[in-house]
Structure formats: structure tokens, C-alpha cells
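Just so it is clear, the structure is predicted and the values come from calculations on it, not from any experiment.
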4 protein chains.
Amino acid sequence: MSQVGGISSDQLKQFIERIENLEQEKANIAEDIREVYAEAKYNGFDPKIMRSVLKIRKMDSSEREEHEYILDTYLIALGMAVEKAAPKAPSNANESEEAA
Amino acid sequence: MSQVGGISSDQLKQFIERIENLEQEKANIAEDIREVYAEAKYNGFDPKIMRSVLKIRKMDSSEREEHEYILDTYLIALGMAVEKAAPKAPSNANESEEAA
Amino acid sequence: MSQVGGISSDQLKQFIERIENLEQEKANIAEDIREVYAEAKYNGFDPKIMRSVLKIRKMDSSEREEHEYILDTYLIALGMAVEKAAPKAPSNANESEEAA
Amino acid sequence: MSQVGGISSDQLKQFIERIENLEQEKANIAEDIREVYAEAKYNGFDPKIMRSVLKIRKMDSSEREEHEYILDTYLIALGMAVEKAAPKAPSNANESEEAA
DNA sequence: TCGCCTGATAGTTGCC
DNA sequence: GGCAACTATCAGGCGA
């Protein structure tokens, strides 16, 4: 007896359980990721910056350029044409900062 | 001259500032809320419990529809409103069970 | 030479890549889940209802503690565990009642 | 009769209602913000970029520089020293990515 | 007081 | 292309 009101309850159950299993796997991996962040943090890396790095690596360069181009246009329009961060000479920009 | 890079900088500025103002108002209110909690705490009320009360009261309004929604779901799952579940091919839904 | 700017680039690279791999696995599983939904839908099941079922099953495990939590909250609110709620000034708590 | 188990239920009610009102105001403002975004979008502005602009305006410059400095350091350590504002030569920007 | 952790918010993605 | 669900990020609250 697997027919209830015209639908196959067994089949539904199969689908439900497959999804539940996959959700569980996904949750496990999310947990693993959190652990890696924690480990990295313990080793002195800033998780927040790591997320920025991952985001940059994820965006392909064309996408990144497109976004930055429009953003620059907006900032210029607002009169905020920020000289972003002196990309040429970061080495001594603020060495005295923490001396870490 | 309010056109920069093909966009209206004045108009953009207006939008940005309106949002910033609203964000500021929102932040102020959040601050007010924190103050009320602090005041309540000072008067001997446990903020954690207060949050529970708020949550419960909030649920009370949305809970009913949620419950009704779940009830409907059950009814549908029981085939009492199957037309919603399988509009295309309810008649042979189980036949394809093994075929998949 | 794995020290750049005072940090271990090798170690950082390890962390970044571990996370990227895990993220990839997670994305794959999310994709699998979407496929299961699609397959179920193809077989006549409403994804929305399936999500409800999942939600209900998930609640079933956490529901008990949630209910107990709400019950506790009510008991506390009713003063049956007041020591937690108003340890400092329970005696005159009501005097300020009208002052507000 | 406003004392229940040693706590002032009236006073509690006052606090609860004040918070609920504030929460409501906050929700209204959030709604307003959404409307401004919608209006801006209707006028041809990209909401996503607008959010970037707002974020930049929100961060004070020292904070922004700090973040970018560390980020650059990480990217350099990973051999991804992207010439941020160099749209001219993106062609080999990521070649070094795997070379490291 | 610091670090963790949960809940709120913002952003992204997939679906219609 | 808009809408809705889901995910990730962030900030505040909590406990050690």
C-alpha cells in the first residue's frame, strides 16, 4: 500500500530521504569549513581577510574589472575619486603600524 | 554640469544620501531598543526572557498562518487536495515510479 | 622562501585551498539537491510541499526542546522561577509601575 | 493586581510594547530603504554598485586602508599580486596564480 | 574583558 | 527580469 490519495508515498519518501542525506553532508562540510577558519585564525590569519581573498579568487578578472569600473564611475560622479590604496608601494605604506 | 561618465551625479547623490539618512534613522532606533533593554534589565528583568516573550508574541501572529500552511500541506500530502500536487499527470504518477 | 610580508605564504595557501575545495564540495552537493528536487518535480511532486515536509521532519527533532524552552519561559514569566528574573529588586518592582 | 510571582507584569508589558513599537518603526524604515533602491534602479542605477558605494562611504579611510593593506599582503603571499587599478594589463594577471 | 555564538541583515542565486 | 529562497556576513549578547 504505497498509494495515498493518488500519489506514491514510497517514492516521496525516497526523495525526502535523499535530500535529507545530502543536506546532512552539506552541513558536515560547512562544519569542516568553519574548522579550517578556526585553525587558520589560531595560526594568526584574519578570517575576514581570508574571506576577501576567497571572494577575489572566485570572481573572474573580467567580472572584477567590470564591477570596479562601474564603481569608480559612481565614485567619480560623487566626487569621491579615492586614490584606492597606493598599489605601487605597499611595502612601506605603514610599516610602523604594528611592527608585527 | 551634473553628468559624469554618462550618469547624473546629482541624482545619484540624492539616492545615496537618502539611503544614508534612512540607515542612520534605523541605527538610532536600534540604539533606542538597546536602551529599553538596558532599562528593563536595570529594573530587574532578564533581557533573554524578554526576547523570548517578544519572539512568542511575534510568533502568535505568524504562527497561525504557518500552522494553517502546514495543515494544508498535510492535507495535500494525504491527497485531499492532490490537484495542487500533481496537475500534470496524477493518474499515472506511480506508474513511472519504477521507470525513473 | 615562504615568508612574504611577515606571513607564511605556504601556510596561507594551504588554508585557502582547503577552504576552496570544501566550498566546491558543498556547491556540488547543493547541485545534487537541486537535481533531486527537479527529479521529484518531474515525477509530479511539488517542491514547495517537499520543503514543508522537510521542515516538519526537521522540526520534529528540535520541536521538543523548543516547546520545553517556551514552557520554561512562561513559567519564569509567571514568577515560578523568579530568582532568575529579578534577583536585585523584586520587592519594589511594582512601585515604579505607575511611574513609567 | 499587577504582581505575579514577585515581578511587575504591568511594567514588563510596558517594556515589551515599547520594544515592539520600535521594532515596527525599524521595519518601516527598512521598507523605505528598499523603496529608495527600487526607485534608483528604475532610474538606471545598479543597486549592487550603490551598496558598494555606501560601504565605502561608511568605512573611514584609515579602516579602509588597513583592510586593503592586509589584503594586499595576503594576495602577494599567494602570488596573486593583482595590479588593482591596472585595467590595461589583465592578460597575465592570473598566470602567476598557479605558478606559485 | 575577551572570545564564542546565536540571531539579524545583506547579498547571491535559482526559479518563474 | 522580478521574486523568493538560501547563504554568508556581521554585530550584539552571553558566558568563561
Going from CD1 on D:Ile70 to NZ on A:Lys48, what distance comes out if it is rounded to the nearest 0.5 angstrom? 9.5 Å
Taking the side chain of B:Lys55 as its heavy atoms from C-beta onward, which of E:dG11, F:dA8, E:dG7 lies nearest to it? E:dG7
Distance check needed: F:dT9 P versus D:Lys58 NZ, whole Å only. 17 Å
Take C:Pro47 and D:Ala30, find for each the nucleotide of DNA chain E with the closest heavy atom, and name the residue whose nucleotide sits nearer the 5' end. D:Ala30
Proximity to the side chain of C:Glu23 - top-ranked nucleotide from F:dC14, F:dG13, F:dA8: F:dA8
Checking all strands, does B:Lys26 fall into the base, sugar-phosphate, or nothing category for heavy-atom contacts under 4.0 angstrom? sugar-phosphate
Protein-nucleotide distance (C:Glu25, atom CD; F:dT7, atom P), rounded to Å: 16 Å
What distance separates C:Glu20 CD from C:Glu17 CD, expressed to the nearest 0.5 Å? 6.5 Å
Minimum-distance pair of heavy atoms, taken over all atoms of A:Ala77 and B:Ile7: CB-CD1, 3.6 Å
Starting at atom CD1 of B:Ile49, determine the distance to atom P of F:dC14, rounded to an integer number of angstrom. 11 Å
Nearest-nucleotide check on DNA chain F, A:Tyr37 vs B:Tyr37; residue mapping nearer the 5' end is A:Tyr37
Looking only at heavy atoms, which two atoms of A:Ala40 and A:Met50 are closest? And how far apart? CB-SD, 3.6 Å
Is B:Lys41 touching bases, backbone alone, or none of the nucleic acid, heavy atoms closer than 4.0 Å? nothing
To the nearest angstrom, how far is C:Arg51 atom CZ from E:dC15 atom P? 9 Å
Nearest-Å distance for atom pair CD1/C1', residues B:Ile29 and E:dT9: 16 Å
Rounded to the nearest angstrom, tell me the gap between atom CD in A:Glu31 and atom P in F:dA8. 14 Å
Distance check needed: F:dG13 P versus D:Ile19 CD1, whole Å only. 11 Å
For the atom pair CD1 (C:Ile16) and CD (C:Glu23), what is the distance rounded to the nearest 0.5 Å? 10.5 Å
Euclidean distance, atom NZ of residue C:Lys48 to atom P of E:dC16 [Å, nearest integer]: 11 Å
